[in-house]
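Shown next, in structure tokens, is the structure this report addresses.
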Amino acid sequence: QLLVADPDTDRIDSIQVSKGEDEVKLQRAGKDFVVQSLQSYPASVREVNSLIRAVFGIRCDAEVSRDSSAHAELGVAEDSEDATVARFFDTDGKEVVGVVVSESKDGAQYARLVGQEAVFRTEASVYVRSKGLDFVDKKLVEIPRDRIEKVAVVPSEGVVYSIVSPEAGTVELQAIP
């Protein structure tokens with residue numbers, strides 16, 4: 001059974017993921033997301049989709065507790081240093097769903113919904129990234145290589161050099177420092 005029954009991903013407007021000292025906030029910008037916690041830099045669509053699939057795809061193997069006093073021991077207390085907490089919000093800032101996932105210990109990993117006592121052992125390992133840089137779209141530009149004739153490297157101090165491609169398939173380094 002899925003931990004999150006009937007996930008409505010269309011309602012997601014923002015996402016907050018935290019683990020220990022790490023925290024990332026993602027905000028919808030049109031059809032994509034930006035990493036709000038890093039000056040609204042564009043987020044990688046692949047990484048955001050991976051996060052959504054990881055959290056909404058958590059499958060439960062067995063219920064292991066219905067007692068909140070067991071949350072810390074199982075690693076699913078929201079304030080646990082080892083727990084990863086992923087929260088999804090709608091456009092009004094209302095939490096659509098929140099999930100707490102433990103670290104894997106002795107081959108077992110646990111998860112629960114925020115605000116609920118029940119803890120489940122997961123069927124498979126769940127990995128949720130929690131650092132802002134994990135979500136940054138690292139592709140700055142996309143230019144087909146055959147359209148690039150010259151790349152100039154201009155450091156703030158030091159010698160300028162160039163990489164040129166006088167013809168298809170050849171590359172030359174000029175003015176090597």
Answer yes or no: is there a donor N or O on one side and an acceptor on the other, between the side chain of S37 and the main chain of K25, under 3.5 Å? yes
Look at E172 together with K150 and state whether they make a salt bridge at an N to O cut-off of under 4.0 Å. no
Check this for me: K94, atom NZ, are more than 12 non-hydrogen atoms of other residues, nucleotides or ligands nearer than 6.0 Å? no
May I ask you to test the R129-V17 pair for a side-chain heavy-atom distance under 4.5 Å? no
Decide yes or no for F88 and T9: does some side-chain heavy atom of the first lie under 4.5 Å from some side-chain heavy atom of the second? no
Where is the tightest heavy-atom contact between I58 and A111, given as atom of each residue plus distance? CG2-CB, 4.3 Å
Above 12 or not: heavy atoms from other molecules or residues under 6.0 Å from CD of E73? no
Give a yes or no on whether the backbone of R59 and the side-chain of E123 come within a donor-acceptor separation of less than 3.5 Å. no
Determine yes or no for a side-chain-to-main-chain donor-acceptor pair under 3.5 angstrom, with R28 supplying the side chain and I12 the backbone. yes
D106 side chain to A108 main-chain N or O, any donor-acceptor pair under 3.5 Å? no
Do any N or O atoms from the side chain of D90 and from the backbone of G93 form a donor-acceptor pair under 3.5 angstrom? yes
Test E117 against every option in S65, S68, S69 by the side-chain contact (heavy atoms from CB on, under 4.5 Å) rule and name the one that passes. S68
